[in-house]
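Down below is the structure, laid out as structure tokens.
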Amino acid sequence: MNHSSIGGTKRKVTNALAMAGLIIIFIAYMFPFVMVVINSLKEKRDIIKSPFSWLFTIKGLSFDNFVKAFTQMDFLNAFKNSLIVTVCSTVLVTLLAAMLAYYIVRHNNKISKITFALMVASMIIPFQAIMIPLVSIYGGTLNVLNHRITLIFMHTGFSMAMSVFMFHGFIKGNIPIALEEAAYIDGCTHTQTFFKIVLPLLKPIISTMVILNSLAFWNDYLLPSLVLTDKELLTLPLSTYSFYGTYSADYGTIMAGLLLCVIPILILYVILQKQIIGGVVSGAVK
């Protein structure tokens, strides 16, 4: 028997099984999202009667849920709050993490090593372990809760460790020091070298961290729920809670509200998807 044909057959079978596995995983991941889209177009009675039914099995198709969700959750105000918090937090953590990672890589001293080790170690501490002391100190002692600036400050602080770790790996593995030395010879200061030479070369990892941090900030519910209580300051995830009553919930409106929250960040993901994988792989190089 031809051994090459046996190997070719095995390879085809293996590839077919791998493809089948990927298709099953894809369906498992996409099924909840598809059901949210379908149920957002149903009336409440149809959702309660048959939540897993498809659109062609019901009589009515309604976009009233989106109109109701848009009004009830005060979408424009909540969108503004989420946008301000997400953009400010993302810009701050990206810039500060890039600067700190650059300093740690180029200044290989004990302080830099200890700082980097502490930041990496801090990533294992779950937020739930510190949220009660956090609220007690910032709310009870300092009385600075219920401000967007406080939320931006907390988002930036909690995201610094992972961001510095990713930038550190990318700079160490992909930014040659010869470029910086050439800039110094031409008369650039350290600040000019970073912003004119190094920062433009960080575009792949910047794109990756922007999408990862934006997703985290935009979709976060727990931290904003602890910091923000004023209705005018609620972000989109918090505003969806208005659809829940004491004894009932309007599921159709909830589904529509969830889609309204997801669509903006999904658009950002589609725009930056090409840079995500490359940035993650490059940032993991040590």
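This structure is a prediction, so every number in the text was calculated from the model and none was measured. Keep in mind that the numbers below use all heavy atoms, side chains included, and drop hydrogens, waters and symmetry copies.
- With sequence neighbours excluded, no residue satisfies side chain to side chain contact (heavy atoms under 4.5 Å, CB included) with I149.
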Derivation of the side chain to side chain contact (heavy atoms under 4.5 Å, CB included) call for L260 and L236: CA-CA 9 Å; L260 290 175; L236 282 174; over 6 Å; no
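- Within the 3.5 Å criterion, the main-chain N or O of V37 finds a donor-acceptor partner in the side chain of S40.
- At least one side-chain heavy atom of I265 sits under 4.5 Å from a side-chain heavy atom of S214.
- Scanning for side chain to side chain donor-acceptor pair (under 3.5 Å) contacts around N219 gives an empty result, with sequence neighbours left out.
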Stepwise side chain to side chain contact (heavy atoms under 4.5 Å, CB included) test for E180 and R106: CA-CA 10 Å; E180 301 166 39; R106 294 296 184 247; 2.7 Å; yes
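- Listed by chain and residue number, D250 satisfy the side chain to side chain donor-acceptor pair (under 3.5 Å) test with T253 (two or more places apart in sequence, or in another chain).
- Between M166 and I205, the closest side-chain pair of non-hydrogen atoms falls below 4.5 Å.
- Considering only residues two or more places apart in sequence or on other chains, T240 meets the side chain to side chain contact (heavy atoms under 4.5 Å, CB included) condition with M73, F243, C261.
- With rounding to the nearest 0.5 Å, the separation of CD in Q72 from CD1 in I254 is 9.5 Å.
- Atom OG of S89 and atom CZ of F217 lie 5.0 Å apart (nearest 0.5 Å).
- Ring geometry for Y103 versus H107: interplanar angle under 30°, hence parallel rather than tilted (30 to 60°).
- Applying the side chain to side chain donor-acceptor pair (under 3.5 Å) criterion to S163, with sequence neighbours excluded, gives N213.
- To the nearest 0.5 angstrom, I175 atom CD1 is 4.5 Å from L201 atom CG.
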Chi angles and distances behind the side chain to side chain contact (heavy atoms under 4.5 Å, CB included) call for F167, T94: CA-CA 9 Å; F167 276 109; T94 301; 4.0 Å; yes
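- In the hydrophobic clustering of ILVMFWY residues, with side-chain heavy atoms under 4.5 Å counting as a link, L212 and Y221 come out together.
- I130 is listed as a side-chain neighbour of F158, based on a closest heavy-atom distance under 4.5 Å.
- Sorted by first and then second residue, the side-chain hydrogen bond (donor to acceptor under 3.5 Å, both in side chains) pairs with a member in residues 146-159 read N81-R148, N146-T229; sequence neighbours excluded.
- The environment of CD1 in I177 is crowded: more than 12 heavy-atom neighbours from other residues, nucleotides or ligands sit within 6.0 Å.
- Residues passing the side chain to side chain contact (heavy atoms under 4.5 Å, CB included) test with V105, sequence neighbours excluded: H168, I171, K172.
- The backbone N or O of L222 lies less than 3.5 Å from a partner atom in the side chain of S225, making a donor-acceptor pair.
- Using a 4.5 Å cut-off on side-chain heavy atoms (C-beta onward), L259 and F66 make contact.
- Note on L118: it does not cluster hydrophobically with M123, by side-chain heavy-atom contacts below 4.5 Å among ILVMFWY residues.
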CA sep, side-chain torsions, deciding dist, call: L151, L228, side chain to side chain contact (heavy atoms under 4.5 Å, CB included): CA-CA 8 Å; L151 182 58; L228 304 176; 3.7 Å; yes
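- Here the shortest heavy-atom pairing between V93 and T90 reads CG1-O, 3.4 Å.
- Between I27 atom CD1 and I24 atom CD1 the span is 7.0 Å, to the nearest 0.5 Å.
- Remark: the Y184 side chain and the Q192 side chain contain no N/O donor-acceptor pair separated by less than 3.5 Å.
- One hydrophobic cluster, built from ILVMFWY side chains closer than 4.5 Å, holds both V144 and I132.
- Looking at heavy atoms from C-beta onward, N77 lies out of side-chain contact with K231 at the 4.5 angstrom threshold.
- Applying the ring pair (Phe, Tyr, Trp, His ring centres under 6.0 Å) test to residues at least two apart or on different chains, none of the pairs has a partner in residues 22-49.
- Inter-residue side-chain proximity for I114 and I111 is flagged as unmet; no heavy-atom pair is nearer than 4.5 Å.
- F75 meets the ring pair (Phe, Tyr, Trp, His ring centres under 6.0 Å) test with F70, F79; sequence neighbours excluded.
- Pairs of residues two or more places apart, or lying in two chains, that qualify as side-chain hydrogen bond (donor to acceptor under 3.5 Å, both in side chains) and include a residue from residues 110-120 are N109-S112.
- Put simply, NZ on K10 and OG1 on T14 are 9.0 Å apart, with the number rounded to the nearest 0.5 Å.
- A side-chain contact (heavy atoms from CB on, under 4.5 Å) with M154 is found for one member of D220, L226, L134 and no other, namely L134.
- The shortest heavy-atom contact between N174 and G169 is ND2-O, 4.4 Å.
- One side chain, K42 or N39, offers a donor N or O that lies under 3.5 Å from an acceptor on the other.
- Side-chain contact check for L202 versus V198: some heavy-atom pair is nearer than 4.5 Å.
- At least one side-chain heavy atom of L100 sits under 4.5 Å from a side-chain heavy atom of M119.
- By the criterion of side-chain heavy atoms lying less than 4.5 angstrom apart, applied directly or through intervening Ile, Leu, Val, Met, Phe, Trp or Tyr residues, V67 is not grouped with Y251; the two fall into different hydrophobic clusters.
- Remark: L95 engages M99, F195 in a side chain to side chain contact (heavy atoms under 4.5 Å, CB included) (not counting sequence neighbours).
- When hydrophobic residues (I, L, V, M, F, W, Y) are linked wherever their side-chain heavy atoms come within less than 4.5 Å, the members clustered with L17 are V13.
- For the atom pair CD1 of I23 and CE of M30, the computed distance is 14.0 Å after rounding to the nearest 0.5 Å.
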